[in-house]
Enquirer: 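One structure is given below, represented as structure tokens, and several questions about it will come after.
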Amino acid sequence: KLKKLKGSVDLVFNVAEGLRGEIREAQIPSILEMLGIPYTHSGALTQAISLDKSLTKKIWQYHGLPTPKFVVIGTQDKPYVEGLEFPVLVKPNSEGSSKGVFNDNLIDDPKRLTAKIREIQRAYGDGVIVEEFLPGREFTVTVLGNKQPYMLPIVEQNYDIFPDHLKKFASYEAKWLFEDSLP
């Protein structure tokens, strides 16, 4: 059906998540690129790489960008995180939009770590990334365009309005339950 759109569509607003697999968010952009149909959001390669948190962090490190220390634990690996300082944040390695990143994924007690890693592995069937938690301010920065990029106003997460039961980071509960309930 997309093939029939070629020539009759000026631009596709891409919000597709894809069906399955480690590059699922790159599926629609790849098809659109093959057909020569322009689309919004990041290109297929960026979509494929950025869904893999550990690969993205390794690329940042290569280019000298700071990132919290982390360990990747595959589905067959032992939950071994030597060298990390607590608290740590445990998350699926290949999910977006805070999927699988809940309030209780912020681990202060090392005795709780193995159980949380196993829970994420069971729920998402994928690698798990465990990274040192960096408390502080959190921002969203949106850039539009390629040749002459334009930056939209920076948005800061307002932790002051969080209820006491929410930890101060962009968890699934904060993004999709609490913020959606605000007037």
Side-chain angles (χ1 to χ4, degrees), residues 1-77 89-102 105 117 119-134 138-157 169-177 179-180:
K1 292 187 178 194
L2 281 174
K3 215 173 193 179
K4 292 178 185 177
L5 296 176
K6 188 175 179 176
S8 65
V9 173
D10 294 326
L11 179 73
V12 171
F13 187 81
N14 176 37
V15 292
E17 293 285 332
L19 295 175
R20 65 186 74 68
E22 62 185 13
I23 63 164
R24 64 189 172 275
E25 292 190 2
Q27 292 169 348
I28 298 300
S30 295
I31 292 168
L32 294 170
E33 285 179 13
M34 287 187 310
L35 296 173
I37 299 173
Y39 60 91
T40 63
H41 295 73
S42 300
L45 181 60
T46 301
Q47 294 280 1
I49 290 171
S50 63
L51 190 61
D52 184 323
K53 291 176 182 65
S54 65
L55 179 56
T56 300
K57 289 167 79 67
K58 289 172 187 173
I59 292 169
W60 290 349
Q61 288 174 331
Y62 175 82
H63 289 285
L65 298 171
T67 183
K69 285 198 259 181
F70 67 98
V71 172
V72 180
I73 301 167
T75 53
Q76 304 301 316
D77 296 338
L89 195 54
V90 181
K91 29 187 182 176
N93 188 53
S94 297
E95 291 295 341
S97 305
S98 294
K99 186 175 178 184
V101 183
F102 298 101
N105 288 43
I117 290 170
E119 177 186 323
I120 298 295
Q121 287 174 324
R122 280 190 304 276
Y124 297 93
D126 199 359
V128 173
I129 188 166
V130 180
E131 65 183 352
E132 291 181 355
F133 179 68
L134 296 180
E138 213 168 311
F139 300 92
T140 298
V141 180
T142 303
V143 179
L144 301 174
N146 295 317
K147 293 179 183 171
Q148 294 183 331
Y150 174 78
M151 190 171 82
L152 295 178
I154 296 172
V155 177
E156 181 175 1
Q157 180 72 61
F169 73 98
S171 66
Y172 186 87
E173 293 96 335
K175 281 182 171 180
W176 300 104
L177 304 177
E179 289 179 353
D180 283 353

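Bear in mind that the values here come from a model prediction, so they are computed numbers and not experimental data.
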Enquirer: Provide the closest heavy-atom pair for Lys57 versus Pro68 in the form atom of the first, atom of the second, distance.
Expert: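 Closest approach of Lys57 to Pro68, heavy atoms only: NZ-O, 3.4 Å.
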Enquirer: Quick one: list whatever passes side-chain contact (heavy atoms from CB on, under 4.5 Å) with Glu119, sequence neighbours left out.
Expert: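 Partners of Glu119 under the side-chain contact (heavy atoms from CB on, under 4.5 Å) test: Lys116, Arg122.
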Enquirer: Test Asp52 against Glu22 for side chain to side chain contact (heavy atoms under 4.5 Å, CB included), laying out the working first.
Expert: CA-CA 8 Å; Asp52 184 323; Glu22 62 185 13; 5.9 Å; no
Enquirer: Taking side chain to side chain donor-acceptor pair (under 3.5 Å) as the test, write out the residues that go with Thr46, two or more places apart.
Expert: none
Enquirer: Go through the structure and list residues passing salt bridge (Lys or Arg N to Asp or Glu O under 4.0 Å) with Lys53, not counting sequence neighbours.
Expert: none
Enquirer: Rounded to the nearest 0.5 Å, what separation is found between the CD1 atom of Ile23 and the OG atom of Ser50?
Expert: 12.0 Å
Enquirer: Might you point out which heavy atoms bring Asn105 and Gly100 nearest each other, and give the distance in Å?
Expert: ND2-O, 2.8 Å
Enquirer: Which pair of non-hydrogen atoms, one from Glu33 and one from Gly43, has the smallest distance, and what is that distance?
Expert: OE2-CA, 4.1 Å
Enquirer: Do any pairs count as a ring pair (Phe, Tyr, Trp, His ring centres under 6.0 Å) and have a residue in residues 16-58, sequence neighbours left out, and if so which ones?
Expert: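 Those involving residues 16-58 are Phe13-His41.
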Enquirer: Could you pull out all residues at least two apart from Leu144 that satisfy side-chain contact (heavy atoms from CB on, under 4.5 Å)?
Expert: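 Result, side-chain contact (heavy atoms from CB on, under 4.5 Å) vs Leu144: Thr142, Tyr150, Leu152.
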Enquirer: Excluding sequence neighbours, so at least two apart, what forms side-chain contact (heavy atoms from CB on, under 4.5 Å) with Ser97?
Expert: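 For Ser97 the side-chain contact (heavy atoms from CB on, under 4.5 Å) partners, ignoring immediate neighbours, are Trp176.
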Enquirer: Does Glu138 have any side chain to side chain donor-acceptor pair (under 3.5 Å) partners at least two apart in sequence or in another chain, and if so, which?
Expert: Tyr159
Enquirer: Go through the structure and list residues passing ring-ring contact (aromatic ring centres under 6.0 Å, His included) with Phe102, not counting sequence neighbours.
Expert: Tyr172
Enquirer: With Tyr62, which residues qualify under side-chain contact (heavy atoms from CB on, under 4.5 Å), at least two apart?
Expert: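 Tyr62 satisfies side-chain contact (heavy atoms from CB on, under 4.5 Å) with no other residue.
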Enquirer: Hey, could you give me the CD1/CG distance between Ile31 and Asn14, rounded to the nearest 0.5 Å?
Expert: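 One gets 10.5 Å once the value is rounded to the nearest 0.5 Å.
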Enquirer: Drop me the distance from Ile129's CD1 to Leu55's CG, to the nearest 0.5 angstrom.
Expert: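 One gets 10.5 Å once the value is rounded to the nearest 0.5 Å.
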Enquirer: Which residue in the set Val90, Asn93, Val71 passes side-chain contact (heavy atoms from CB on, under 4.5 Å) when paired with Val128?
Expert: Val90
Enquirer: Show me the pairs that pass salt bridge (Lys or Arg N to Asp or Glu O under 4.0 Å) and involve residues 60-72, at least two apart or across chains.
Expert: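 Every pair satisfying salt bridge (Lys or Arg N to Asp or Glu O under 4.0 Å) with a residue in residues 60-72: Lys69-Glu132.
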Enquirer: Kindly compute the distance separating CG (Leu51) from OG (Ser94), expressed to the nearest 0.5 Å.
Expert: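 The OG atom of Ser94 is 5.0 Å from CG of Leu51, to the nearest 0.5 Å.
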Enquirer: If every non-hydrogen atom of Ile28 is compared with every non-hydrogen atom of Ala16, which pair is closest and at what distance?
Expert: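 Nearest heavy atoms, Ile28 then Ala16: CG1-CB, 3.5 Å.
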Enquirer: Is the count of non-hydrogen atoms from other residues, nucleotides or ligands lying under 6.0 Å from Gln61 atom CD greater than 12?
Expert: yes
Enquirer: Mind listing the closest non-hydrogen atom pair of Ala44 and Ala26 along with its distance?
Expert: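 Minimum heavy-atom separation between Ala44 and Ala26: O-CB, 3.3 Å.
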Enquirer: Tell me which pairs pass salt bridge (Lys or Arg N to Asp or Glu O under 4.0 Å) where either residue lies in residues 90-100, with sequence neighbours left out.
Expert: Arg24-Glu95, Lys91-Glu131, Glu95-Lys99
Enquirer: Report the residues that fulfil side chain to side chain donor-acceptor pair (under 3.5 Å) with Glu156, sequence neighbours left out, ordered by chain and then residue number.
Expert: Arg137
Enquirer: Which pair of heavy atoms, one from Val101 and one from Pro92, lies closest together, and at what distance?
Expert: CG2-CD, 4.3 Å
